[in-house]
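Reviewing the structure listed below.
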Amino acid sequence: MRIVVARRVSQGFFLLLFVWFCLVATVGGGFLQLRGWPINWLLSLDPLTALGTMLATHTLYAPLLWGLGVLALTFFIGRFFCGFACPLGTLNQMTGWLARLGRAAKDRAEDNHPGRAQAVKYALLAFFLGCAALGGLQTGLLDPLPLVFRSVNLALLPLADPGVGVVHDAPRHYEGVWWIGLMFLAILALNAVRPRFFCRFICPLGALFGLAARVAPWRIGKATDKTCGDCRLCESHCEGGCRPSGTLVVSECLLCCNCLDRCPSGRIGFAGRASAAGETALPDFSRRGAVTLLAAGAAGAMSAPLWRVEDAAGLGRSPSLIRPPGSLDEERFLARCIRCGQCLRVCPSNIIQPSVTTAGLIGLWTPILNYRLGRSGCQPNCIACGQVCPTAAIRPLTLQEKLGQGDHAAAGPLRLGTAFVDRTRCLPWAMGRPCIVCQEVCPVSPKAIFVREVFEPVRGGRLPLAGVRGSTLALARPLAVSGNAASGDYYVRLLGAPEANPVRLVGGGGAELALAAALPGAASGREVEVLIHLMQPHVDPARCVGCGMCEHECPVSGLRAIRVTSENESRSGPGRMLA
């Protein structure tokens with residue numbers, strides 16, 4: 001088999017594997033649902049994730065050892081991952097090829113001429129690593145594997161399957177996903193400017209592989225230093241912009257192997273020696289190049305405090321910053337989260353959303369809970385998000401730990417925050433309307449939301465009696481209430497007898513009221529008052545786990561009358577309710 005055919009087979013395999021992992025990241029037992037598939041395996045192959053989290057946390061999550069293995073192999077055979085495995089690289093290669101159909105070989109060769117701008121990605125790598133060294137892990141913004149997972153899971157799959165039931169059982173929505181989708185489309189569109197534009201100029205993971213490839217003993221190169229003709233077929237099909245016909249830019253070779261396949265004289269091969277026509281590499285480690293890289297790394301390190309300018313992790317953080325169950329404390333969470341979107345994709349309630357402004361700039365596109373969106377609150381029997389997090393920023397939980405059962409009974413259930421009743425918007429508190437939805441949907445046992453029974457006089461409900469016949473009261477003027485007086489929520493009591501038990505109103509209206517029983521002391525000439533029976537909700541912070549069921553189901557549109565904030569969350573001390 002020709003090596004180019006082998007490379008295409010490998011690219012197709014990894015691309016299909018990537019698509020498969022995206023499709024099956026759905027909670028359920030069906031064939032197209034999560035049932036033990038290793039959906040994080042491709043993300044585990046990313047050495048930039050391993051290196052970034054190591055710098056930020058001084059630890060290495062065991063599954064990321066796969067990434068160090070990939071990096072070690074790159075030291076021997078060069079950037080094989082870029083040419084044979086990276087799904088974003090394959091998509092870039094496909095779109096670049098489509099954009100150049102019909103173009104002359106000379107023009108294609110000019111597009112593939114190497115340039116100094118290809119060193120930009122090394123500066124980006126130094127910047128991100130410098131930032132990670134001070135705890136600000138931002139590699140996921142441009143790291144190709146988290147980027148392509150985030151883009152396809154959040155932007156493309158909801159468009160491809162808008163609730164028809166193949167991938168999702170209901171329409172999915174993600175806040176601010178337009179920016180993620182536009183960024184992905186821009187990366188693909190840039191391939192019309194240069195083949196594999198993102199891989200050549202931007203990709204920090206490619207830069208890491210490029211540094212390792214500088215010392216790889218096995219590499220592509222010319223077997224002789226004899227001058228080639230002017231066919232330039234190798235350069236017209238080169239994906240890396242590494243000048244295979246002349247002085248090879250060894251760190252830029254993506255191992256696409258097109259030069260081997262296209263060379264009519266067979267001068268280019270894969271061997272355990274340097275190219276006979278000479279080699280160079282990016283970045284230039286001369287004084288000027290080294291200073292540029294050091295400056296980029298220092299800029300990344302110094303920018304770490306600027307990422308936190310909004311103090312998302314400190315006392316000034318937004319109370320709306322609610323992380324998924326099992327999330328580490330904010331400092332450690334930000335040092336591990338790579339913004340891959342796996343937890344957002346797998347959440348069956350669709351309440352895990354990408355943060356746009358809530359977590360500040362440092363937390364851009366990290367997962368937060370939004371109980372207004374999705375189909376419910378955080379389901380008590382679901383721990384899917386922690387099971388799919390590739391870096392344990394959301395640590396894997398057991399159901400017993402989440403619910404505070406068994407060995408975790410002493411610690412109690414995991415708390416995401418606490419619900420607070422807004423009495424200025426709550427129907428029983430502010431408007432005198434019966435409503436107990438939040439108390440009914442509270443899943444905690446005993447319920448964290450309890451109600452206190454009150455009887456409040458209704459507006460215009462003070463009425464003189466014209467007569468009394470058993471349990472029927474004749475009114476001197478008709479009753480006018482905005483609700484259904486016979487709904488069972490209305491009661492009647494003699495005016496001036498607050499200690500008397502009110503009697504339920506079961507019918508009537510207009511000039512007569514039918515009561516459930518005779519009203520003691522009622523007589524012609526006396527006055528009665530009509531009361532409404534209300535169940536005013538209260539929250540027990542000792543029992544509330546912040547699941548958000550109450551906020552999601554609250555019938556008040558717009559700003560909900562009961563809302564969950566991160567106060568009293570389990571994961572960190574600064575989040576406690578009392579200062």
Side-chain angles (χ1 to χ4, degrees), residues 419-541 543-544 549-563:
F420 291 86
V421 178
D422 184 346
R423 296 185 180 185
T424 64
R425 298 181 65 82
C426 179
L427 296 179
W429 281 103
M431 304 176 196
R433 299 292 180 86
C435 177
I436 54 171
V437 170
C438 58
Q439 193 264 349
E440 286 181 330
V441 300
C442 178
V444 179
S445 180
K447 288 182 180 292
I449 299 176
F450 61 96
V451 294
R452 288 180 178 148
E453 186 180 63
V454 296
F455 292 90
E456 295 287 346
V458 301
R459 188 178 185 184
R462 181 174 173 174
L463 303 167
L465 295 179
V468 178
R469 298 189 306 277
S471 60
T472 301
L473 306 180
L475 305 177
R477 58 180 173 83
L479 169 67
V481 297
S482 57
N484 178 8
S487 64
D489 295 317
Y490 290 87
Y491 286 70
V492 174
R493 183 170 59 192
L494 275 179
L495 189 65
E499 72 285 353
N501 291 328
V503 180
R504 176 175 294 179
L505 199 159
V506 296
E512 281 193 349
L513 297 178
L515 308 184
L519 184 65
S524 177
R526 299 201 63 175
E527 287 186 314
V528 297
E529 58 180 350
V530 180
L531 310 171
I532 187 166
H533 181 214
L534 299 173
M535 309 286 274
Q536 293 176 334
H538 297 258
V539 177
D540 183 352
R543 294 191 179 280
C544 181
M549 296 282 187
C550 52
E551 181 175 344
H552 184 271
E553 299 298 336
C554 178
V556 177
S557 62
L559 187 65
R560 296 293 200 253
I562 185 167
R563 302 186 291 275

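Once rounded to the nearest 0.5 Å, the distance linking CG of L465 with CG of L495 reads 10.0 Å. Between the CD atom in E499 and the CZ atom in R493 there is a gap of 8.5 Å [rounded to 0.5 Å]. Separation of atoms CG (N501) and CG (L519) is listed at 10.5 Å; rounding is to 0.5 Å. Rounding to the nearest 0.5 Å gives a distance of 7.5 Å between CD of Q536 and SG of C426. Put simply, CG on L513 and CG on L505 are 5.0 Å apart, with the number rounded to the nearest 0.5 Å. Atoms CD1 and CZ, on I532 and R433 in that order, are 7.5 Å from each other to the nearest 0.5 Å.
With a 4.5 Å cut-off on side-chain heavy atoms, V539 and I562 count as touching. Side-chain contact check for P434 versus L534: some heavy-atom pair is nearer than 4.5 Å. Using a 4.5 Å heavy-atom cutoff, the side chains of M535 and R452 are not in contact.
Closest heavy-atom contact between A419 and C544: N-SG, 3.3 Å. The two residues C438 and P537 have their closest heavy-atom pair at SG-CB, 3.8 Å. A pairwise comparison of heavy atoms in A430 and R423 identifies CB-O, 3.2 Å as the closest pair. Across every non-hydrogen atom of P502 and L531, the tightest pair is CB-CD1, 3.9 Å. Taking every heavy atom of both residues into account, C550 and I449 meet most closely at CB-CD1, 3.7 Å. When all heavy atoms of L427 and P555 are compared, the closest pair comes out as CD1-CG, 4.2 Å.
Between F450 and H538, the angle of the ring planes stays under 30°, which puts this pair in the parallel group of the 30/60° scheme. Aromatic ring pairs are classed by plane angle as parallel below 30°, tilted from 30° to 60° and perpendicular above 60°; the pair H533 and Y491 is perpendicular.
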_With salt bridge (charged side-chain N to carboxylate O under 4.0 Å, His left out) as the criterion, how do R462 and E529 come out once you've worked through the C-alpha distance, each side chain's angles and the decisive distance to 0.1 Å?_
CA-CA 4 Å; R462 181 174 173 174; E529 58 180 350; over 6 Å; no
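With R560 contributing its side chain and E551 its backbone, the two residues share a donor-acceptor pair below 3.5 Å. A distance-only check finds a donor-acceptor pair linking the side chain of R526 to the backbone of G521 [under 3.5 Å].
Around atom CZ of R425, more than 12 heavy atoms belonging to other residues, nucleotides or ligands sit under 6.0 Å away.
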